[in-house]
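Structure record follows, encoded as structure tokens.
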Number of protein chains: 2
Amino acid sequence: MPAATIKDVAREAGVSVASVSRALNGGRGVTAETGQRILEAAQRLRYVPHAAARMLITRRTNTVGALLPDLYGEFFSELIRGIDLAARSRGLHLLVSSSHDDAEAAAAALRAMQGRVDGLLLMSPHADADFLRQNLPQNLPTVLINTRLSGADYCALSVDNDGGARLMVEHLLSLGRRRIVFIQGPPGNRDATQRELGYRESLASHAPDSPMMMLRGDFSEESGYRAGHQVLAMRPRPDAVFAANDMMAIGCLAALREAGLRIPQDIAVGGFDDVPMARYVTPPLTTIQVHIAELGGQAMALLGEQLDHPDDVRAGSRRRVDAELVVRASSAAPSG
Amino acid sequence: MPAATIKDVAREAGVSVASVSRALNGGRGVTAETGQRILEAAQRLRYVPHAAARMLITRRTNTVGALLPDLYGEFFSELIRGIDLAARSRGLHLLVSSSHDDAEAAAAALRAMQGRVDGLLLMSPHADADFLRQNLPQNLPTVLINTRLSGADYCALSVDNDGGARLMVEHLLSLGRRRIVFIQGPPGNRDATQRELGYRESLASHAPDSPMMMLRGDFSEESGYRAGHQVLAMRPRPDAVFAANDMMAIGCLAALREAGLRIPQDIAVGGFDDVPMARYVTPPLTTIQVHIAELGGQAMALLGEQLDHPDDVRAGSRRRVDAELVVRASSAAPSG
DNA sequence: GGCGCCAACGTAAACGTTTTCATGGCCGAT
DNA sequence: ATCGGCCATGAAAACGTTTACGTTGGCGCC
């Protein structure tokens, strides 16, 4: 038995399809009584409007697409959660596509979403200006998440890496640390470079006499571990380490502890991200927390605005979500 | 400028819309030469078929829906990753909806997907037989993930909790441990009860003389910590703890270490899940790894089969994905 | 009581595609 | 040379909605 169509409902209720449509969409232009009759008929037949037909005529899909890079772990899950929640509260569906390794795959994914979505949430390392101009349908509302794009052509939203890093540096300075070494992330990584920038700025403005010290890293725990060994070899020894992400901080922590250093007495350690593990390492890691779900939610909200007011095209609008300092024992000895 | 339609392509190429359609879908019934001309025209116009129109006539959406419970963390992200990958390789889109707290919300989400998807991947604590009969469109191919459903009406797929737990117990027994205490998960939780079952079975069959010992827990780290204290009070003391998940194992580990016990010499500890943190606690945690992405991928594969052969309705087919023992220092002292 | 207006309702067009069916041309076989 | 058949192509129907427009009826007002 094929699914009931609007015609079936019309016949069942003894009215025309137009009236059914009217009754089901807000019920204007229809008597309360007729509306009731139609509603009952629809219910009886378990009528569900055919989404495709509606999309075709309406030119709205009530769906937004989320294009994400291949992303393991918590960040992705939190982001999706925030997006999904915000989307649902606006009555929008969510079409996701992750794991596109190269620009070509991303472009394909983008093309495949053509016409299936009213708007796009895009987070991709390949999303430079050229790529977008090339692959993005011109009039599709889009919000960029955490892209390295500086042009004013698109709406964008990102985490406040810079501000977060400054928070950390200021925290360490407030503890009296003066020799703060920074462990860098992968070269070219936007988050990493922004965090480094925050470190530089903050140090320059708050403690111009303190030396700037950088060590190479690539966000991996191993690279943090290696950096830890380099820290141990530095003379005079730094009194604080700020790693561009938690995993490196954790690796560094291990190296320092193995060498017999006391943390935080001999050297303080700070990370970035507040991964779940951060509170479980010994000592628990001071870090910068980013409300990732909120990042997703805000991106969705921004997109929602664009959908509601397509004319009012505030393209270049940018927003950032705040980062927050979480102090744990790796920087401040337990009180008492 | 509105997007190009098939008519525009037809005009541009000097053929009828029918030929364009044929050329673009496999190109059968069309001369190689005309096909080429049409393809070029389409490319020139940046033509992308209107998804809705195609759905309407074809009655295929090329989309599958994934309904997931509100799920934080790694499990969700891995599952989605596996699903997405498998879906993409079949040319299917993925419509997700998570975070439905109660059965009503889940039902609403389900209804909203009506007609937008060709098949459904469903993982919901509310998915009992009644719920499904009530809310599931009758002819929609569906694969259940990790549900507590025993009926043979639907395709289902789950992780081998039982087998995984047996692996752990056998491992502990092989180390000579004979007093193995089990920390339970939340009552009513399917995974938890299956893991407990595996513990019971394995102990009964391989070491009938060993006592069965249970402690209450709820999957949280704190509950594991509390259970750890209870372990410390037991006389004679157990020589191994098997927690129903990693977080409890980690909490328990902390309690035991605080009390001065050496792990694994005095007491071995095992968990379940292999969360990323498991390898970073001290000592690294022996645990059972489940390939969650594979769970998602297999579910998608199962669904794909159903989509390809809708007639060949092997409804009750069940599958499980294997669990794997990962031995780390919390159960086996580092060799050498 | 007639006129006009408004609200309720029906008719039909439109959305963009696929697919069935008809048509014509070409080629091979007789 | 004619006929049959096949293949490329085109015309048009169909998918299930929404919506512009037309029609009807009732009602108020002159």
Side-chain angles (χ1 to χ4, degrees), chain A residues 1-39 41-42 45-63 111-118 137 139, chain B residues 1-39 41-42 45-63 91 93 112 114-118 137 139:
Chain A
M1 139 200 46
T5 80
I6 198 174
K7 282 187 192 169
D8 300 322
V9 179
R11 190 172 339 110
E12 176 85 5
V15 295
S16 75
V17 293
S19 293
V20 176
S21 176
R22 281 189 278 259
L24 263 35
N25 306 347
R28 285 201 328 207
V30 150
T31 308
E33 185 204 2
T34 342
Q36 185 59 28
R37 203 169 67 236
I38 292 174
L39 234 66
L45 296 173
R46 287 194 187 325
Y47 169 69
V48 174
H50 195 289
R54 200 197 287 243
M55 285 182 211
L56 178 57
I57 189 73
T58 301
R59 306 193 134 310
R60 281 209 100 209
T61 63
N62 284 312
T63 304
R111 232 171 302 134
M113 282 205 173
Q114 271 275 31
R116 309 182 85 99
V117 298
D118 296 333
N139 279 333
Chain B
M1 140 198 48
T5 79
I6 198 174
K7 283 186 191 169
D8 300 322
V9 179
R11 191 171 341 109
E12 176 85 6
V15 295
S16 74
V17 292
S19 293
V20 177
S21 175
R22 281 190 277 259
L24 264 34
N25 306 346
R28 287 202 326 209
V30 149
T31 308
E33 186 205 0
T34 355
Q36 186 59 27
R37 203 169 68 237
I38 292 174
L39 233 66
L45 268 49
R46 286 190 185 332
Y47 168 69
V48 175
H50 196 290
R54 201 198 286 243
M55 286 181 211
L56 179 56
I57 189 73
T58 301
R59 305 192 133 314
R60 282 207 100 208
T61 62
N62 283 313
T63 304
H93 295 259
Q114 271 275 32
R116 309 182 85 98
V117 298
D118 296 333
N139 280 334

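Convention: sequence-line order gives letters A, B, ...; per-chain numbering from 1.
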Q) Listed by chain and number, what are the side-chain contact (heavy atoms from CB on, under 4.5 Å) partners of A:A41, not counting sequence neighbours? A) A:V9, A:E12, A:A13, A:R44
**Q.** Whole angstrom value for the distance that separates P of D:dT9 from CD of B:Q36
**A.** 13 Å
Q: Take the C1' atoms of the five end pairs on each side of the helix from C:dG1-D:dC30 to C:dT30-D:dA1, get both axes, and report the angle to 10 degrees.
A: 50°
Q: Please determine if a side-chain N or O atom of B:S21 lies less than 4.0 Å away from the OP1 or OP2 oxygen of C:dT19.
A: no
Q. Rounding to a whole Å, what distance do you find between B:R60:CZ and D:dG16:P?
A. 17 Å
Q: Please list, chain by chain and in numerical order, all residues satisfying side chain to side chain donor-acceptor pair (under 3.5 Å) with A:T61, sequence neighbours excluded.
A: A:D118
Q | Nearest-0.5 Å distance, CE of residue B:M55 to CG of residue A:L56 | A | 10.5 Å
Check: protein-nucleotides 11-15 of chain C nitrogen or oxygen pairs below 3.5 Å:
from   : atom 1 : to    : atom 2 : distance (Å)
C:dC15 : O3'    : A:R59 : NH2    : 3.1

Q: Could you tell me the separation between the CZ atom of A:R11 and the P atom of C:dG10, rounded to a whole number of Å?
A: 14 Å
Q | Summary of salt bridge (charged side-chain N to carboxylate O under 4.0 Å, His left out) pairs that have at least one residue in residues 13-39 of chain A, sequence neighbours excluded | A | none
Q | Euclidean distance, atom CD of residue A:Q114 to atom C1' of C:dG16 [Å, nearest integer] | A | 15 Å
**Q.** Rounded interatomic separation in angstrom, taking CG from A:N62 and P from D:dT17
**A.** 15 Å
Q) Does B:T34 put a side-chain nitrogen or oxygen below 4.0 Å from OP1 or OP2 of D:dA8? A) no
**Q.** By side chain to side chain donor-acceptor pair (under 3.5 Å) - contacts of A:T63 (at least two apart)
**A.** B:R116
Q: Would you kindly give the CZ-to-P distance between A:R54 and C:dG16, to the nearest whole Å?
A: 18 Å
Q. Mind checking what makes side-chain contact (heavy atoms from CB on, under 4.5 Å) contact with B:L24, not counting sequence neighbours?
A. B:V20, B:I38, B:L39, B:Y47
**Q.** With A:R59 via salt bridge (charged side-chain N to carboxylate O under 4.0 Å, His left out) - residues at least two apart
**A.** none
Q.
If the condition is side chain to side chain donor-acceptor pair (under 3.5 Å), which residues does B:R46 pass it with, not counting sequence neighbours?
A. none
Q: Nearest whole angstrom, please: distance from the P of D:dA20 to the CZ of A:R28.
A: 12 Å
Shorter than 3.5 Å, N or O on both sides, protein versus nucleotides 23-26 of chain C: list them out with atom names.
none

(Q) Please give me the minimum heavy-atom distance between B:G35 and B:A23, naming the atom from each residue. (A) CA-CB, 4.2 Å
Q | By side chain to side chain donor-acceptor pair (under 3.5 Å) - contacts of B:N62 (at least two apart) | A | none
**Q.** salt bridge (charged side-chain N to carboxylate O under 4.0 Å, His left out) partners of residues 2-11 of chain B, not counting sequence neighbours, each pair once
**A.** B:D8-B:R11
Q) Atom CD1 of A:I6 to atom P of D:dT19: distance rounded to whole Å? A) 11 Å
